[in-house]
4 protein chains.
Amino acid sequence: MSIARKPNPARRSEQSRQAIFKATRELISEVGYANVSIEAIAARAGAGKQTIYRWWRSKAAVVFDSFLALSEAGRQEEMMLPDTGDIEADLKLVMRATVTEFADPDFEAPIRALNAEIINDPDLAAQYREKLAGPVEEAKKARLCSAQRAGQIAADADLDLVLELLYAPLYQRWLHRSGPLTPEYADALVDLTLKAFRP
Amino acid sequence: MSIARKPNPARRSEQSRQAIFKATRELISEVGYANVSIEAIAARAGAGKQTIYRWWRSKAAVVFDSFLALSEAGRQEEMMLPDTGDIEADLKLVMRATVTEFADPDFEAPIRALNAEIINDPDLAAQYREKLAGPVEEAKKARLCSAQRAGQIAADADLDLVLELLYAPLYQRWLHRSGPLTPEYADALVDLTLKAFRP
Amino acid sequence: MSIARKPNPARRSEQSRQAIFKATRELISEVGYANVSIEAIAARAGAGKQTIYRWWRSKAAVVFDSFLALSEAGRQEEMMLPDTGDIEADLKLVMRATVTEFADPDFEAPIRALNAEIINDPDLAAQYREKLAGPVEEAKKARLCSAQRAGQIAADADLDLVLELLYAPLYQRWLHRSGPLTPEYADALVDLTLKAFRP
Amino acid sequence: MSIARKPNPARRSEQSRQAIFKATRELISEVGYANVSIEAIAARAGAGKQTIYRWWRSKAAVVFDSFLALSEAGRQEEMMLPDTGDIEADLKLVMRATVTEFADPDFEAPIRALNAEIINDPDLAAQYREKLAGPVEEAKKARLCSAQRAGQIAADADLDLVLELLYAPLYQRWLHRSGPLTPEYADALVDLTLKAFRP
DNA sequence: ATCTAACCGAGACGGTACGTCGCGTCTTTTG
DNA sequence: CAAAAGACGCGACGTACCGTCTCGGTTAGAT
């Protein structure tokens, strides 16, 4: 019998939205995801708490959108990976870049927090795959497809599986801190994966 | 100025400890990790909150030890994996078992929660690797070593890397819910990994 | 660095306020002042603890206001003492009434508690004098002033001092339980005081 | 059916007792009566908590005994008040001394605390009258008795009442902070009381 | 041009849990 | 066996946030 009050997005204040995103990002980098409260976000953004509760389900959702807004702002037309014709070299380049990125302490905290939330929140996981991981994976698969056509990867290879073999060990090692992330490690993963999917 | 009061473990009440473990496990399966409070654990265990704070750093630590106590209680002498001489068959058996295990909703919640905490808590991660993951990994590496001696795996293969290639994709797919966990998927990972590490 | 958050009295919930007063009075008479906790008051009143901490400095302050609310509710237009023209008779009447009042066990506990708090809390003492004792003392002084004009008390007598001589021995004897409080004792105090201040 | 375990006072450690007294007095002057805990006393005295609970009923009892020990230590053979033959002068001297004493901030806190406890604790009140107030009152009454014999005070005067008239206003004014304590005030009380009890 | 419905900031509210303090009891170890 | 040491169950503390709920004040779109 509940009268589902549904706010009208047309009337939404873009100014508040941006202020909330900004406050959220600042607070996360200042005190860490776990110590960020909705109260603090609202106070910092000069927004009422209700304005947050009206538009987001949870703190995780606010945080997610805050980062999404950032990444969308900086998004180039299309995500494109290098294609020199040499899949091994191209992949190693990309994987080494990922390794470097993961070493940046500024990215560390929010990405870890995001991953932790995703594990327990299916909705958030779906959004993550659709909005953040999806586009990047598409670009990677495009490059792999090109390699497939060039006969460098088995024609019947499942490209999702290729990506998992390449990246899952890397992510796991980073998330669990179970070993060092070196360029050599990246190279080894590329070599092994290509060997596994050799035609 | 703080005087670091350090409790004397010799005087610790084993009865309270066990009651806390039991209460923790029950509460987690009843209301889920996120909804378990230290207050509730203490109440259910008939213990004072201070008794928990005296011996554990955080809720995550209590939960971890609760499961650790369980696993140690049920631990067989030595962890041993089947060794029929056929590494492919043996690995597929084990991986399919893992897939089945992950489908059990009773294990799902606590394992997800544990993984989420591990991501953000280096201490907990270290303990996890040492106390829980470690013994299992040793057993798996023992089996892989046997296969290595039998010439089924390259002699120079890094066995940690073999395990990562085998399991990381599986774990990631499960944690991110990014795809179905089927026996065929398990088989495919074994096949690919063995191919990648073929002598 | 603390940001002194100051609540806005205009938005205060009168309903909560009254419920807290009621709960406080009930609890005091049920378990005694010392055994009343703010936690219990909040629970009984169906209020959050913060609602109490937001508006009162201490348990003593809540209790004080609770009684103040009572006394204000029951306050007759103006406090008036009998004036038959015979100051001695009038004072004896009033003092004997006080003696009787002090014998009532229902009033005993809270009044003792209030006096104990007042001793250690200057703010509370000031409030007590202003809100509770003040009006009563004014009425008494008015009657004494009338006696002064009638030449029954020295014209230069300090009326505050008269009241102290009359009441302080009575209060002290009651608070310290250092002797019986009888009508004769009341009469004696009146006689002595009048003699001391005879013109 | 409780087996009332009664400790044997003969075996009591005098060293602990003194250490507890010393710690109690120090803590009271450092943090104030209300903020002194039995835990803190035990810790400071290097005593076990049980040692305190074995020998005292309450914090108030420990504090009381601590001060009692002090006053007994410094007690001169017999308490004697000056007797110049002029009761008015002698009383004014003593009352002015009391006024001065009450102005000393070092004595203020503990005496206020003691009075607050006495109001709510009949046992403590009895002990106070017997051990602390008693001897002093006896001395004062001895002086008044001498004045009575000299015809300066009515022969049928109740000396307890004389003392109440003299001191109760002073104590009340101090405890309630309801007015200034000046030498003139002391003198006025003496004058009024002597007038009230003039033969 | 003026309603009027909605969002907005602000923040009080009933709650839950936090992590700490101290109580009074109990147990273990030391002299 | 008293005493020191201190762990224990317990209750309350005062604080931080939760998510809900008014309040006025502003700001649109519909009248």
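All heavy atoms count here, side chains included; hydrogens, waters and symmetry mates do not. Lettering of chains follows the sequences in order, A, B, ..., and the numbering in each one begins at 1.
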Closest to side chain of [X], choosing from [options]:
| X | options | value |
| --- | --- | --- |
| D/Arg54 | F/dA3, E/dA12, F/dA7 | F/dA3 |
| B/Tyr53 | E/dC18, F/dA12, F/dA5 | E/dC18 |
| D/Gln50 | F/dA7, E/dA12, E/dC26 | E/dC26 |
| A/Ala47 | E/dG9, F/dA2, F/dG14 | E/dG9 |

Side chain A/Lys49 and base E/dG11 donor-acceptor under 3.5 Å: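 Between E/dG11 and A/Lys49, which were checked side chain against base, a qualifying N/O pair under 3.5 Å is absent.
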[atom1] of [X] versus [atom2] of [N]: gap in Å, rounded?
| X | N | atom1 | atom2 | answer |
| --- | --- | --- | --- | --- |
| C/Ile38 | F/dT15 | CD1 | C1' | 13 Å |
| D/Arg17 | F/dA3 | CZ | P | 12 Å |
| C/Glu14 | F/dT22 | CD | P | 17 Å |
| A/Arg12 | E/dG9 | CZ | P | 11 Å |
| D/Ile52 | E/dT25 | CD1 | P | 13 Å |
| C/Ile41 | F/dA12 | CD1 | C1' | 12 Å |
| B/Arg11 | F/dG9 | CZ | P | 15 Å |
| D/Tyr33 | E/dG22 | OH | C1' | 14 Å |

Looking at side-chain heavy atoms only, is the closest gap between B/Gln18 and B/Lys22 below 4.5 Å?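 Answer no - side chains too far apart.
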Below 4.5 Å, heavy atoms only, C-beta onward: do B/Phe67 and B/Thr24 meet side chain to side chain?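 B/Phe67 vs B/Thr24: side chains apart.
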Could you go through B/Glu39 and B/Arg44, starting from their C-alpha distance and side-chain angles, then the distance that decides it, and tell me whether this counts as salt bridge (Lys or Arg N to Asp or Glu O under 4.0 Å)? CA-CA 9 Å; B/Glu39 197 126 348; B/Arg44 167 89 59 123; over 6 Å; no
Does [N] have OP1 or OP2 sitting under 4.0 Å from an N or O in the side chain of [X]?
| X | N | value |
| --- | --- | --- |
| C/Ser16 | E/dA12 | no |
| D/Trp55 | F/dA3 | yes |
| D/Trp56 | E/dG24 | no |

Could you please spell out the steps behind the salt bridge (Lys or Arg N to Asp or Glu O under 4.0 Å) verdict for C/Arg177 and D/Asp123? CA-CA 10 Å; C/Arg177 289 176 247 250; D/Asp123 286 3; over 6 Å; no
Want to settle it: does D/Lys59 or A/Thr51 sit nearer the 5' end of DNA chain E, counting the closest nucleotide to each?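 Final value for this comparison: A/Thr51.
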5' priority, DNA chain E, between A/Ala42 and B/Glu39 [closest heavy atom]: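 Upstream on the strand: A/Ala42.
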For D/Ala45 and for B/Asn8, locate the closest nucleotide of DNA chain F by heavy-atom distance; then report the residue assigned to the nucleotide nearer the 5' terminus.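 Of the two residues, D/Ala45 wins.
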Looking only at side-chain N and O atoms, does B/Glu117 offer a donor or acceptor that is under 3.5 Å from a partner on B/Tyr33?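 Distance-only check passes for B/Tyr33 and B/Glu117.
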